[in-house]
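Heads up: the structure comes next, in structure tokens.
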Amino acid sequence: MKYRDIQLDSQGRLRHFLTIEGLKQQTLIDILDSAENFSTVGTRNVKKVPLLRGKTIANLFFEASTRTRTTFELAAKRLSADVLNLNINTSSTTKGESLLDMLRNLEAMHCDMFVVRHHSSGAAHFFAQHVAPHISIINGGDGSHAHPTQGMLDMFTIRRHKPDFTALRVAIVGDILHSRVARSQIHALNTLGVPEVRAIGPRTLIPAQAESLGVHVYHDMQQGLRDVDVVIMLRLQRERMQGALLPSENEYYRTYGLSPEKLALAKPDAIVMHPGPINRGVEIDSSVADGPQSVILEQVTNGIAVRMAIMAMVLGRPNEEQEAG
Ligand code: CP
């Protein structure tokens, strides 16, 4: 079964959020519009709305995270949900309990949603296939497959600065081969009608047949950055690399690192993005990461509103059994 089949209910509404691939343009726009409404909650005196009061959301992070885990927690709390943060290192899976047994125990606690990050591609899909029908799964990043909430917060950030997706040239630079973020961004950019998405990187870090994803491939960064509106830098994901795919980090920085000189090839009002964590002096120069064109910290702030929108959409969906009868 394809990832996109399982995440929609019989009415085509989001039941889980596992991948952007296959979602309709209107679904993405609905998420962005809803996030726009939620974005003011964080600036209020009382940073809460009662939308998910009485719901219980469990964060199950099997892989390290700073931004995704904490912004999911904040988003759930701002929607008035109760939040469980399971410490996987001290959970019973370290005593041999299987993932499915762990799931059954969390179900027995009447959770409503699991946010899952896992090092294996397909893990969120596996959870979605096996949870009880009333539980929703949100993918917080699975292997090198997808990171759909990151993809959506990146679209939200782009739209805030460049409202017309159909007039944009976007460059994604670096380790595209191992990047779940890049895959989710490419699906979102194509669905939202961006006419030119460029993938820039060394041959060893661009997937075979990358063009079939809907990108133009460049190995020369100077050519690839020319006249783009948005530059998205990616981290070298050494934890997913097998064998020597790269020369030294110094050599990589000289060729593919974003310096002020290389950024000057993009449009003068181009924005610079990075999903984090950033490695200064490896993929990006500090003066660019902290410079006037950088929106990297805005991405983090926007992640809260976008995750609120997605959780509210998935959990606010009417129960099909109640609808039927
Ligand atoms: N962008 C992102 O997924 O960051 P974390 O690994 O800190 O969650």
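Sequence positions, counted from 1, serve as the residue numbers for this chain. Both counts, for ligands and for their atoms, begin at 1 and track the order of listing.
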(request) Could you tell me whether K162 and D269 make a salt bridge, using a distance below 4.0 angstrom between a side-chain N and a carboxylate O? (result) yes
Pair up each side-chain donor or acceptor in residues 31-40 with any protein partner under 3.5 Å, not counting sequence neighbours, and list the distances.
from	atom 1	to	atom 2	distance (Å)
D33	OD1	R159	NH1	3.0
D33	OD1	R159	NH2	2.9
E36	OE2	R160	NE	3.0
E36	OE2	R160	NH2	2.5
S39	OG	E36	O	2.7
S39	OG	R160	NH2	3.1
T40	OG1	N37	O	3.3

(request) Run the salt-bridge test on R280 and D290 with the 4.0 Å N-O cut-off and return the result as yes or no. (result) yes
Identify every side-chain donor-acceptor pair in residues 205-213 under 3.5 Å, counting partners at least two apart or on other chains, and give the distances.
from	atom 1	to	atom 2	distance (Å)
S212	OG	Q209	O	2.6

(request) Flag the pair Y253 / S259 as yes when at least one side-chain heavy-atom distance between them is below 4.5 Å, and no otherwise. (result) yes
Return a table of donor-acceptor pairs under 3.5 angstrom between the side chains of residues 221-231 and protein atoms on other chains or two or more places apart.
from	atom 1	to	atom 2	distance (Å)
D229	OD1	K267	NZ	2.9
D229	OD2	R169	N	2.8

N or O contacts of ligand 1 with protein under 3.5 Å, please list pair by pair.
from	atom 1	to	atom 2	distance (Å)
ligand 1	1 (N)	Q150	OE1	3.0
ligand 1	1 (N)	P275	O	2.8
ligand 1	1 (N)	G276	O	3.4
ligand 1	3 (O)	T68	OG1	3.0
ligand 1	3 (O)	R117	NH2	2.8
ligand 1	3 (O)	H147	NE2	2.9
ligand 1	4 (O)	R67	NE	3.1
ligand 1	6 (O)	R117	NH1	2.9
ligand 1	7 (O)	T66	N	2.8
ligand 1	7 (O)	R67	N	2.9
ligand 1	7 (O)	R67	NE	3.1
ligand 1	7 (O)	R67	NH2	3.0
ligand 1	8 (O)	S65	OG	2.6
ligand 1	8 (O)	T68	N	2.9
ligand 1	8 (O)	T68	OG1	2.6
ligand 1	8 (O)	R117	NH1	3.4
ligand 1	8 (O)	R117	NH2	3.2

